[in-house]
Amino acid sequence: MDQKVRVRYAPSPTGFLHIGNAQSALFNYLFARHFNGTMVLRIEDTDTKRNVQTGEDSQRENLHWLGIDWDEGPNKPNPKYAPYRQSERNAQGIYHKYVQELLDKGIAYKDYTTEEELQEMRERQRANKEAPHYDGRWYGKSEEEQKAAEAKGLKPTIRFHFPKDHEYQWDDIARGHVSFNSDNLGGDFIIEKSDGMPTYNFAVVVDDHTMDITHVLRGADHISNTPKQMAIYEALGWEHPVFCHIPLIFNPKTRKKLSKRDKDTLQFINEYKKHGYLPEAIFNFIAFLGWSPKGEREIYSKDELIKVYDPERMSKAPAYFDQKKLDWMNAQYIKQMDIDELADRTMELVKEGETEEAQRLQSIPEDELRELLKKTIHVHQRDVNKLLEVIEYAWSYYTVLDEHFNYDQLIDNEDFTKEDLLAVLNGLKDKLVNGGADLDYSQAIKEVGKETGVKGRNLYFPLNLAFTGSTSAPQIYEIMDIYSRKTDLELLDRMIAAVEA
RNA sequence: GACCCGUUAGUCAAGUGGUUAAGACACCAGCCUUUCACGCUGGUAUCGUGGGUUCAAAUCCCGCACGGGUCACCA
C-alpha cells in the first residue's frame, strides 16, 4: 500500500450490533490494523424515521466489548474530517453542495412524482413482467412544469440521471472483476429526499471521498449499489475507492441471509455477551465467516489475526453460521484461560444480571460468590461451552440442599449391596466428622476404599449419587470441596437414611 | 421478471491445471478413566449436472439445474 490506508465502518443506528454489522466492522478493523491504516467510525443516520436513540451507544459498547476500536469517530474527531454523523454533516450543507453541483451540470434533476404514483408505476411494471424502475418522467422538464408542481404543494426529490448504455466496472478485492450496465440499474435514482436528507447511495460517496477513504469493505448486499455510487464518483470527477464485498452470513437452516427473525440463531452481539461467550472467541469466529487464513489452524488471537489477515483470501460464497462450531471455539478459549480470569468474567456477568440465571447469584455475598465460582470453574472448565453454564452449575451447587435426589437407582440395583453402600457412605462420613479443616477428600475416599474393600464403580457411584444426584459426575472430591463440610455431611446423611429405609 | 453471484463429505471449509482432495464441527468406533467429560487414534467425498479445451480439470470455457443477493424518498 503506497498510500495511507483509511477504512470505515459505517452503521446506521437503528438497533443493536448485529452479527452481520460486527463482521463488517471486524474486517475493516483487521484491514486497517494489518496495513497500519486508520479506522473510522461514521454514523449513517439519514433515515430519521428508523433511528433509535440508543442505537449508536449500543454499536459503540458492543464493538468495544469485541475488541474493535477506531481512530476517528464522533467521540474522537479529527478536525480535518469531522463531523462523523451524517445528520450533522447534512446540517452543514456538505451533501447539498454536491447535489447543487450535479443540478447545475444537468446530471441531477428535480422529481415531483408522489409516493403513490411511484408505487403505481412499480405495480404496473411488475404486472407487465418488467423490472421495476423509475421511468424518468421528470427528466428534462421545464421550470414552468416544476413551478406548477410546487404550486400544488409538492416537494421534490432530486434524482441522478444515468447516461445511456454505460458500463460500470471495478476490480473487487473479494469478487474479482464485476460490471454492470447503466441501463439495468433501476432507472434514475434519488440522491436527495424530499426532507432534504441525502440518500445512502449519495451520502456514502460524498463521505467516503471527503473523508479520504481508500478502501470500502462492506457486505455483499451492497454489490448492486456500487455501480450507482460509481456513477456519482464519475459525475463529480472523483476517483472511487477500492471495493471489497464481504460474503453475507447465511443461516444453514433457511439457506438464506441471516434474518433478524431467525429465532434459532442468536443475532446480536449483546446476546452472546450475556450468554457468556468470550469476546476473543467471537472475534476469532467472525473472522472465519467469509475468510480463512492459509493453513489449518483455527484458533487465532486478535493480534495474530491482524498479522495474518490477507484481504485477497476473502471468500465469494456466503458464509454459513454454525452455532455448534462457535460453541466449540468458545470452549477452546475457556479451556486455555486461567481460572482467576474466568472467575472475573463470570463475576462481571453476574453483576450485569442480564439473565435470570445471573440475577439469582446476585443474592450471594461477593467473596463467597467468587470462591464458589472459582471452585465451579475448576471442576467444569473442561466441559463447559459458555460461562452461563458455569453460572448454572454454581447455582445448582449453592442450592444443592433444596434438591431432592432419587437414590433408587443404586438401592434397587443388584450390583450394589446395601452393606457396601452403607459401608462406603458411613466410612466417608467418619472421615468428614473426624478430619480437620485440611482434610484431603481425594485421599479420604481412597482410604475408605481400602478400609471397606469396596472399589471401582461400587465405591464411586454411591458417592457421585450422594453429592450430585447422578451416578456420573466429574471428580467427586472436587464437588465435595465446593460444598461446606456441613453440606457434605447432610448429603451423606440423606442418602444413608434412604438406604436404611 | 431483470441484473449480479455462488454450488467441494451430514454441516462448514481449504484448494487459482498434475495433491493419497487439507482442516474443523457433528457423528460412529477404539484407547484413557470409578462414571461423565476432556484428551488421543481411526472412519466416511466418483468436487451440482451435461458438454468442451488440454498429455492432464475440483481448478479454464459454454449450456443446464439448483440456491442466493439486489432491484425503496432503508442503510
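On a predicted model such as this, the values are computed, not experimentally measured, just so you know. In what follows, chains are A, B, ... by sequence order, proteins preceding strands, each numbered from 1.
When rounded to the nearest whole Å, the span between NE2 of His177(A) and P of C5(B) equals 10 Å. C12(B) atom C1' lies 14 Å from atom NZ of Lys253(A), rounded to whole Å.
Among residues two or more places apart in sequence or in another chain, the side chain to side chain contact (heavy atoms under 4.5 Å, CB included) test is passed with Pro11(A) by Tyr9(A), Leu41(A), Ile43(A), Gln59(A). Not a single salt bridge (charged side-chain N to carboxylate O under 4.0 Å, His left out) links Arg313(A) to another residue, sequence neighbours left out. Remark: His275(A) engages no residue in a ring pair (Phe, Tyr, Trp, His ring centres under 6.0 Å) (not counting sequence neighbours).
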Under 4.0 Å protein heavy-atom contact, by nucleotide of nucleotides 31-43 of chain B - B base, S sugar-phosphate only: ---BBBBSS----
Under 4.0 Å protein heavy-atom contacts per nucleotide of nucleotides 13-18 of chain B, with B for base, S for backbone only and - for none: SSS---
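At the heavy-atom level, Lys325(A) lies under 4.0 Å from base atoms of the strands shown. Within 4.0 Å of Ser179(A), counting heavy atoms only, lie sugar-phosphate atoms of the nucleic acid but no base atom. Leu248(A) comes within 4.0 angstrom of the backbone, heavy atoms only, and of no base.
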Below 3.5 Å between N/O atoms, which protein atoms pair up with nucleotides 71-75 of chain B? Just atom names and distances, please.
residue	atom	partner	partner atom	Å
C71(B)	O2'	Pro132(A)	O	3.4
C73(B)	O2	Ser194(A)	N	2.8
C73(B)	O2	Ser194(A)	OG	2.7
C73(B)	N3	Ser194(A)	OG	2.9
C74(B)	OP2	Lys193(A)	NZ	2.7
C74(B)	O2'	Asp47(A)	OD2	3.0
C74(B)	O2'	Arg50(A)	NH2	3.1
A75(B)	OP1	Thr46(A)	OG1	2.5
A75(B)	OP1	Asp47(A)	N	3.3
A75(B)	OP1	Lys193(A)	NZ	2.7
A75(B)	OP2	Tyr200(A)	N	3.2
A75(B)	O3'	Glu44(A)	O	3.4
A75(B)	O3'	Glu44(A)	OE1	3.0
A75(B)	O2'	Ser12(A)	OG	3.4
A75(B)	N6	Asn225(A)	OD1	3.2
A75(B)	N6	Asn225(A)	ND2	3.0
A75(B)	N1	Asn225(A)	ND2	3.2

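Of the nucleotides present, G39(B) is the one that pairs with C31(B) by Watson-Crick or G-U wobble criteria, both distances under 3.5 Å.
Atom NZ of Lys110(A) is separated from atom CG of Leu154(A) by 12.5 Å, given to the nearest 0.5 angstrom.
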